[in-house]
Asker: 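Sharing a structure below in structure tokens format, with a few things to ask.
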Protein chains: 2
Amino acid sequence: MRQKPTLKIIAKELDVSVSTVSKALRDSKEISDETKEKVRAFAKLYNYKPNNIALSLKNKKTKTLGVIIPEIVHHFFTTVISGIEDYANSHGYNVIVGLSNESFDKEVINLEMLANGSIDGFIISVAKETLALKDYHHLFETIDQGIPIVMFDRVLDEIICDKIVVDDIATSRKAVQKLIDSGAKKVGIITTEDYVSVGRLRTKGYVEALQFNNINLDENLILKIEDNNKPQDELLHLETQIKNYLKHNEIDAIFAVNELYAITAMKAARELGYSIPQDIQFVGFTDGVLSKHAFPPLTTVSQHGKAMGSQAAKLLINRLESTDETEDENYKTVVVETDIIERETTLNSNES
Amino acid sequence: MRQKPTLKIIAKELDVSVSTVSKALRDSKEISDETKEKVRAFAKLYNYKPNNIALSLKNKKTKTLGVIIPEIVHHFFTTVISGIEDYANSHGYNVIVGLSNESFDKEVINLEMLANGSIDGFIISVAKETLALKDYHHLFETIDQGIPIVMFDRVLDEIICDKIVVDDIATSRKAVQKLIDSGAKKVGIITTEDYVSVGRLRTKGYVEALQFNNINLDENLILKIEDNNKPQDELLHLETQIKNYLKHNEIDAIFAVNELYAITAMKAARELGYSIPQDIQFVGFTDGVLSKHAFPPLTTVSQHGKAMGSQAAKLLINRLESTDETEDENYKTVVVETDIIERETTLNSNES
DNA sequence: CTGAAAGCGCTAACAG
DNA sequence: CTGTTAGCGCTTTCAG
């Protein structure tokens, strides 16, 4: 095992001072070409690379971003990370990932661990539990310490910072409109409880779309999935809730606020003898592997997670590197476009 | 914006020396109870937290693990990460994630970036391109620098280090045996090209299972998917390869070395008029969301990614914290168990 | 019991 | 053109 060379070692070896070596390697004009050459050759030979930690301590910046998400085994978050990585890496930044597992405490711990010098800024989508508790002190504190935060997907009006969102309301309106245009008369929604902001907004879009088409709102057609937070029987729970809902209502189209709800509902519908899309149409939210490979392939609105991720990284890095004091207050929230990807769970408008 | 308190600031405020504050906070017995109390109170009030970077520089360890994987939008890797995170976090370590995107160059860059002091050790699954090129100098060099590596899933015999694997051969044997026991006479395999070690090994298990059952090997039943590395039309490419394969062979069971191949093959089979599992049975490898929600739900062998992740983290952290010189050479490779999760694409043995 | 000093690896202001 | 010095935040001898 060969130990890593340091400036000190090189300096001693070449019988010059540490600062000379440092300057030579950074091509300072204070140093003679001759010395530069000598130092560079030696450095290359011994494969010298500056120590990141020392640089971080010196510069008070680590060139790494902290990403905190509720869950990594989840296609949407995973695409966002890949967008972040992409942008960050190509701009010289690394990415530390912290998982909250939807737990408030873990979110706080992760934030605090990383806030002590490990990262320059955060990209975060808050845990459900945090949303439920409405306790945001950890976020306020890190901003107060001068560490910028970019929120995405699950964002908070209370926190003043850069944000990346999807226009949930407009997108849902669009999705529901699609269903109506394809001939659906009784469209239902499978959504989350209202404390999950994205669920609430998507429900709102659903309601607006109905109003716009002069369709009376039937509260029974809104299924809010109770999240019991016990992964083991969650799926079963989900299935029974959906099956009951389908049995007790006359529905010819369903808008589901995520893939899993959509897929589970399709399965339930199939088991109840419906054929898709003739008897009942489906549109999901968030395009992922499940949608593409479902049977039949699910029409879904794509959130462009990768774009959200790189946008988030871009906003954060810009803020970190901006020396412009006036920009300090100028927080943006960028809305990323969504598309509906038509697959085989919806009818064409003219077929209806 | 309140700036973070440092030892220096506290010391000045309390009119004592920096070292006194440091010692007081670490409960050194050199310090009087009175002073300790005073310092602690002040530190709590100002919410003092030691700066990680300074500690890292001082201690020559960062308490963070570098994880380098080919692809994050992939259920298996994602479960592994979650296992790593879990174990690492509960032992005071953070996790930096680097993605190689199956590219050799990106793998090298990531490794080098992180090796310069950012992390204490690596957990890595190598990129396909690296496997194809057989260029492992970056791995040798980081080990040579004294940075331990734990490899998982795609491991290399040439590299001497801790490894976490699945017994691919035995597992494949088991999977194919299951198919045979369920009455299959002509079982095919959809696998990768041989340079992907896991593909090669799984193919080997397939061959062994046939031999064991005195079934003649028909080379035509082995479909090695060409990976053209162009994501956009990859899927289409995959589909046509598989469809051709199904058309030109008589097959009543397929063992696929990953979920995607299995799902795609099921789709192709359905389109060709087969019914599953009556006409053709399927077993996949690597249990993920796709398998569970496929139509019909796919029988699959579970790799226990989360267990692999925490095992990897455990091995790495043990090695990092072991002061025992004798352990230095004692590299383990742990084999994690696999299970076959029976769902609806296979017949029961007694039904056959 | 407390403080001064050195050092982790690096940069930069300032002398020479 | 090169070297000395100080300092980033912290720990740890070693003196007092």
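Values below: all heavy atoms of this structure, side chains included; hydrogens, waters and symmetry mates excluded. Letters A, B, ... mirror the listed sequences (proteins, then strands); counts begin at 1.
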Asker: Nearest whole angstrom, please: distance from the P of D:dC10 to the NZ of B:Lys61.
Answerer: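 After rounding, the gap between these two atoms is 19 Å.
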
Asker: Do A:Val97 and B:Val67 have side chains that get closer than 4.5 Å, going by heavy atoms?
Answerer: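 Not touching, per the 4.5 Å side-chain cut-off.
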
Asker: Would you work out how much the helix from C:dC1-D:dG16 to C:dG16-D:dC1 bends between its ends, with each end axis defined by five base pairs, to 10 degrees?
Answerer: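 Computed from the C1' atoms at both ends, the axes differ by 60°.
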
Asker: What parts of residues 52-60 of chain B reach DNA chain C, counting only heavy atoms under 4.0 Å away?
Answerer: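 DNA chain C contact set from residues 52-60 of chain B: B:Leu57, B:Lys58, B:Lys60.
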
Asker: Please list residues of residues 39-46 of chain B whose heavy atoms come under 4.0 Å from any atom in DNA chain D, ordered by number; otherwise none.
Answerer: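 Those residues: none at all.
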
Asker: What are the two closest heavy atoms between A:Ala88 and A:Ala313, and how far apart are they?
Answerer: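 Heavy atoms only, the tightest pair is N-CB, 4.5 Å.
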
Asker: Does atom CD of B:Glu158 have more than 12 heavy-atom neighbours, drawn from other residues, nucleotides or ligands, at distances under 6.0 Å?
Answerer: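 Yes - once you tally the heavy atoms of other residues, nucleotides and ligands closer than 6.0 Å, there are more than 12.
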
Asker: Send over the distance from A:Leu25 CG to C:dT11 P, rounded to a whole Å.
Answerer: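 My rounded result for the distance is 8 Å.
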
Asker: Can you name the residues that form a ring-ring contact (aromatic ring centres under 6.0 Å, His included) with B:Tyr87, not counting sequence neighbours?
Answerer: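 B:Tyr87 satisfies ring-ring contact (aromatic ring centres under 6.0 Å, His included) with B:His91 once adjacent residues are dropped.
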
Asker: Ignoring backbone atoms, test whether B:Thr6 places a side-chain nitrogen or oxygen under 4.0 Å from the OP1 or OP2 oxygen of D:dG9.
Answerer: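 The answer is no; no side-chain N or O of B:Thr6 sits under 4.0 Å from OP1 or OP2.
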
Asker: Can you list everything that forms a side-chain contact (heavy atoms from CB on, under 4.5 Å) with B:Asn116? Sequence neighbours excluded, please.
Answerer: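 B:Asn116 satisfies side-chain contact (heavy atoms from CB on, under 4.5 Å) with A:Lys4, A:Lys49, A:Asn52 once adjacent residues are dropped.
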
Asker: Can you list the steps and then say if B:Glu321 with B:Lys63 is a salt bridge (charged side-chain N to carboxylate O under 4.0 Å, His left out)?
Answerer: CA-CA 10 Å; B:Glu321 303 196 334; B:Lys63 291 279 211 171; 3.6 Å; yes

Asker: Nearest-Å distance, CD1 (A:Ile9) to C1' (C:dC8)?
Answerer: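 Result: 12 Å.
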
Asker: In residues 11-21 of chain B, which residues come under 4.0 Å of DNA chain C by heavy atom?
Answerer: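 Nucleic-acid contacts, sorted: B:Val16, B:Ser17, B:Ser19, B:Thr20.
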
Asker: Rounded to whole angstroms, how far apart are CG on A:Asp27 and P on D:dC1?
Answerer: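 After rounding, the gap between these two atoms is 12 Å.
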
Asker: Could you check B:Lys23 against A:Pro50 and say which one's nearest nucleotide on DNA chain C is further toward the 5' end?
Answerer: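 Closest to the 5' end, via its nearest nucleotide, is B:Lys23.
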
Asker: Hey, can you pull the donor-acceptor pairs under 3.5 Å for the side chains in residues 141-150 of chain B, sequence neighbours left out?
Answerer:
none

Asker: How would you list all residue pairs meeting ring pair (Phe, Tyr, Trp, His ring centres under 6.0 Å) that involve residues 3-40 of chain B, not counting sequence neighbours?
Answerer: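 For residues 3-40 of chain B, and leaving out neighbouring residues, there are no ring pair (Phe, Tyr, Trp, His ring centres under 6.0 Å) pairs at all.
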
Asker: With a 3.5 Å distance limit and no angle check, can you tell me whether B:Lys163 reaches the backbone of B:Leu156 through a side-chain donor-acceptor pair?
Answerer: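 At least one qualifying donor-acceptor pair exists.
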
Asker: Distance check needed: D:dC1 P versus A:Lys38 NZ, whole Å only.
Answerer: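 A:Lys38 atom NZ is separated from D:dC1 atom P by 14 Å.
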
Asker: For DNA chain C, which residues in residues 28-37 of chain B have a heavy atom at a distance below 4.0 Å?
Answerer: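 Under 4.0 Å from DNA chain C: B:Glu30, B:Ile31, B:Ser32, B:Thr35.
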
Asker: Taking A:Ser28's backbone N and O only, do any of them form a donor-acceptor pair with A:Lys36's side chain (distance below 3.5 Å, no angle check)?
Answerer: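 Present.
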
Asker: Base, sugar-phosphate or nothing for A:Lys8? Non-hydrogen atoms, less than 4.0 Å.
Answerer: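 The residue A:Lys8 makes sugar-phosphate contact but no base contact.
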
Asker: Can you pull out every ring pair (Phe, Tyr, Trp, His ring centres under 6.0 Å) where at least one residue sits in residues 16-57 of chain B? Sequence neighbours excluded, please.
Answerer: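 Residue pairs passing ring pair (Phe, Tyr, Trp, His ring centres under 6.0 Å), neighbours aside: B:Phe42-B:Tyr46.
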
Asker: Is the distance from OP1 or OP2 of C:dG9 to the nearest side-chain N or O of A:Tyr48 less than 4.0 Å?
Answerer: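 No.
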
Asker: Can you tell me if B:Ile160 has over 12 outside heavy atoms packed within less than 6.0 Å of its CD1?
Answerer: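 At most 12 heavy atoms, drawn from other residues, nucleotides or ligands, come within 6.0 Å of this atom.
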
Asker: Identify, with sequence neighbours excluded, every residue that meets side-chain contact (heavy atoms from CB on, under 4.5 Å) alongside B:Asp15.
Answerer: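 In terms of side-chain contact (heavy atoms from CB on, under 4.5 Å), with neighbours along the sequence ignored, B:Asp15 is linked to no residue.
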
Asker: Are OP1 or OP2 of D:dT12 and a side-chain N or O of B:Arg26 less than 4.0 angstrom apart?
Answerer: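 Yes, within the criterion.
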
Asker: Short question: side chain of B:Arg154, backbone of B:Ser125 - any donor-acceptor pair under 3.5 Å?
Answerer: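 Between the backbone of B:Ser125 and the side chain of B:Arg154 there is no qualifying donor-acceptor contact (under 3.5 Å).
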
Asker: For A:Lys106, does the NZ atom sit with more than 12 other heavy atoms under 6.0 Å from it, leaving out its own atoms?
Answerer: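 Yes, NZ of A:Lys106 has more than 12 neighbouring heavy atoms, counting only those of other groups under 6.0 Å.
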
Asker: Scan residues 122-156 of chain A for pairs that pass ring pair (Phe, Tyr, Trp, His ring centres under 6.0 Å), counting only residues two or more places apart or in two chains.
Answerer: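 Listed by first then second residue: A:Phe104-A:His138.
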
